[in-house]
Amino acid sequence: MNKLKEPVIYTIEGTAFVVDIDKQVLRQSDNPANEISFVRDMTDQGSHYRLFYDPDPSSKPPGTYNPDALKEFIIPKLIELDPDGMAAKYRYRPEELKNKTDFQIIVDQELLAQRHQGVLPKINIAGEEFVVDLRLQELRHAQSFHPVLSLNSFELTSDGRHYDGYYHPVIRQLVPLDPKLTELPDSVIKIKIPNEIGLDPVGAARIYGVDERELLRRYPIQRDLKAEIIPLSETHIPSLIRQNREQLQKEHRENAQKIKPRFRPKF
């Protein structure tokens with residue numbers, strides 16, 4: 001049985017913080033709500049981080065801080081704080097982390113170089129490759145450049161992190177579903193893809209005017225983008241079909257009661 005990895009602890013003036021490489025934060029051991037982000041709260045200097053921090057915030061009223069109480073701290077790189085965890089997470093050998101920066105480890109440098117050279121990302125949808133073009137807000141078939149799936153045709157999920165839609169793999173198009181359907185449509189599946197930041201963080205940074213390095217630290221370029229395939233049987237569609245059938249049967253019964261028996265003469 002594998003033993004649970006012991007948390008890595010880093011101390012700032014007597015206060016212990018857990019090093020969380022997944023969220024890229026320092027989390028105070030005895031006050032988990034207090035997190036210091038390597039991306040948001042620190043300045044990445046490559047060889048280290050600079051942090052301006054009040055080591056005794058408890059002495060201040062909630063929601064306030066005293067600029068004069070801020071102290072500057074030099075924080076080691078994540079690959080120095082937790083080399084084994086970083087190597088395992090990003091599939092490196094520990095010795096390969098030497099002389100690297102956190103950015104070079106977290107962000108795939110080969111994919112980033114290709115993106116800067118103008119190579120657009122691709123996503124696999126039901127076994128076929130589509131080129132991601134955020135500038136035109138579309139996904140183009142990688143071989144024939146047709147069909148084109150407009151991102152505007154997808155629905156944004158409730159968490160804002162993905163798009164989903166109903167897809168027909170034969171015609172390679174998003175298709176609308178009749179809200180009154182009574183049978184599962186043939187060959188139609190539901191697909192879920194990342195939002196713009198997940199599809200192309202470099203392109204999203206350019207479009208939205210945000211810092212590219214900061215966005216990439218939070219949302220690194222993904223090497224193998226693939227749409228999640230969800231069979232209709234695992235969605236709300238079967239329940240909708242059942243409700244539609246019940247409603248149709250109810251309407252038939254009501255209509256049958258309204259029809260008066262025809263007069264039949266006796267012979």
Side-chain angles (χ1 to χ4, degrees), residues 20-25 35 37-42 44 89-91 102-169 171-177 188-232 234-236:
D20 185 336
I21 62 172
D22 293 321
K23 294 185 65 177
Q24 300 183 59
V25 299
E35 293 184 345
S37 170
F38 282 82
V39 179
R40 184 182 62 254
D41 301 321
M42 304 186 199
D44 187 356
K89 179 176 177 62
Y90 295 103
R91 300 180 181 179
D102 284 348
F103 185 82
Q104 290 173 325
I105 297 301
I106 294 172
V107 179
D108 190 312
Q109 298 301 298
E110 179 184 355
L111 293 181
L112 180 59
Q114 292 176 1
R115 188 64 188 88
H116 284 165
Q117 292 168 4
V119 178
L120 295 176
K122 293 180 181 178
I123 183 170
N124 184 293
I125 300 178
E128 300 190 71
E129 296 291 325
F130 285 76
V131 175
V132 178
D133 191 334
L134 294 189
R135 185 177 62 85
L136 298 179
Q137 285 287 291
E138 66 184 26
L139 308 177
R140 292 190 301 274
H141 196 273
Q143 293 183 345
S144 59
F145 302 104
H146 185 80
V148 172
L149 306 180
S150 171
L151 290 178
N152 296 325
S153 299
F154 288 86
E155 293 289 336
L156 189 65
T157 57
S158 58
D159 61 7
R161 295 178 179 272
H162 298 86
Y163 288 113
D164 62 21
Y166 298 103
Y167 180 73
H168 199 301
I171 62 175
R172 298 179 292 190
Q173 286 286 358
L174 292 173
V175 294
L177 292 187
V188 176
I189 57 177
K190 187 175 184 178
I191 60 174
K192 184 163 72 172
I193 63 174
N195 63 9
E196 288 90 345
I197 294 176
L199 288 170
D200 182 9
V202 173
R206 294 172 182 172
I207 291 173
Y208 298 119
V210 299
D211 183 84
E212 179 184 290
R213 287 178 66 91
E214 181 176 335
L215 192 64
L216 285 169
R217 280 290 298 265
R218 299 184 182 186
Y219 306 97
I221 300 175
Q222 301 301 309
R223 181 169 290 275
D224 298 309
L225 284 173
K226 189 174 184 179
E228 180 182 352
I229 306 299
I230 306 171
L232 291 189
E234 299 179 10
T235 69
H236 75 287

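Please read these numbers as outputs of a predicted model, since none were measured by experiment.
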Whether over 12 other heavy atoms sit under 6.0 Å from D224 CG: no

Nearest-0.5 Å distance, CZ of residue R161 to OH of residue Y219: 5.0 Å

Summary of salt bridge (charged side-chain N to carboxylate O under 4.0 Å, His left out) pairs that have at least one residue in residues 124-139, sequence neighbours excluded: E128-R172, D133-R140, E138-R140

Distance in Å, L120 CG paired with L199 CG, rounded so as to fall on 0.5 Å steps: 11.5 Å

Min side-chain heavy-atom separation E228-H162 under 4.5 Å: no

Side chain proximity check, I191 to F154, heavy atoms < 4.5 angstrom: yes

D102 CG to I21 CD1 distance, which is reported to the nearest 0.5 Å: 10.0 Å

Value rounded to 0.5 Å, distance of OH in Y166 from OG1 in T235: 5.0 Å

Exercise: identify the closest heavy-atom pair between Q173 and V148: OE1-O, 3.8 Å

Salt bridge (charged side-chain N to carboxylate O under 4.0 Å, His left out) partners for K226, two or more places apart: none

Side chains of R218 and R40 in contact at under 4.5 Å (non-hydrogen atoms): yes

Side-chain heavy atoms of V131 within contact of L139, under 4.5 Å: no

Heavy-atom closest pair, residues D200 and R115: OD2-NH2, 2.8 Å

Beyond-backbone contact of D44 with F38, side-chain heavy atoms, under 4.5 angstrom: no

Nearest non-hydrogen partners of S150 and L174, listed with the distance: O-CD1, 4.4 Å

Heavy-atom pair with the smallest gap, counting every atom of V25 and S37: CG1-CA, 3.9 Å

Electrostatic pair E110:R223 at N-O distance under 4.0 angstrom: yes

Student check: side-chain heavy atoms of V107 and R213 closer than 4.5 Å: no

Side chain to side chain contact (heavy atoms under 4.5 Å, CB included) between Y167 and L149, intermediate numbers included: CA-CA 10 Å; Y167 180 73; L149 306 180; 4.0 Å; yes

Side-chain donor or acceptor of Q24 paired with backbone N/O of R217 under 3.5 Å: yes

Approximate separation, where rounding is to 0.5 Å, of K89 NZ and I105 CD1: 13.0 Å

Partner set under ring pair (Phe, Tyr, Trp, His ring centres under 6.0 Å) for H141, not counting sequence neighbours: F130

Neighbour count above 12 (heavy atom, 6.0 Å) for E155 CD: no

Other residues, nucleotides, ligands: >12 heavy atoms within 6.0 Å of R206 CZ: yes

Close side-chain approach of P201 to I221, heavy-atom, < 4.5 Å: yes

Heavy-atom check, side chain of V132 versus side chain of K122, under 4.5 Å: no

Gap between atom CD1 of I207 and atom CD1 of I197 - 0.5 Å precision: 10.5 Å

Crowding at NE2, H116 (>12 non-hydrogen neighbours, <6.0 Å): yes

Backbone N/O of L134 and side chain of Q137: donor-acceptor pair under 3.5 Å: yes

Atom of K190, atom of D164 and distance for their closest heavy-atom approach: CE-OD2, 3.5 Å

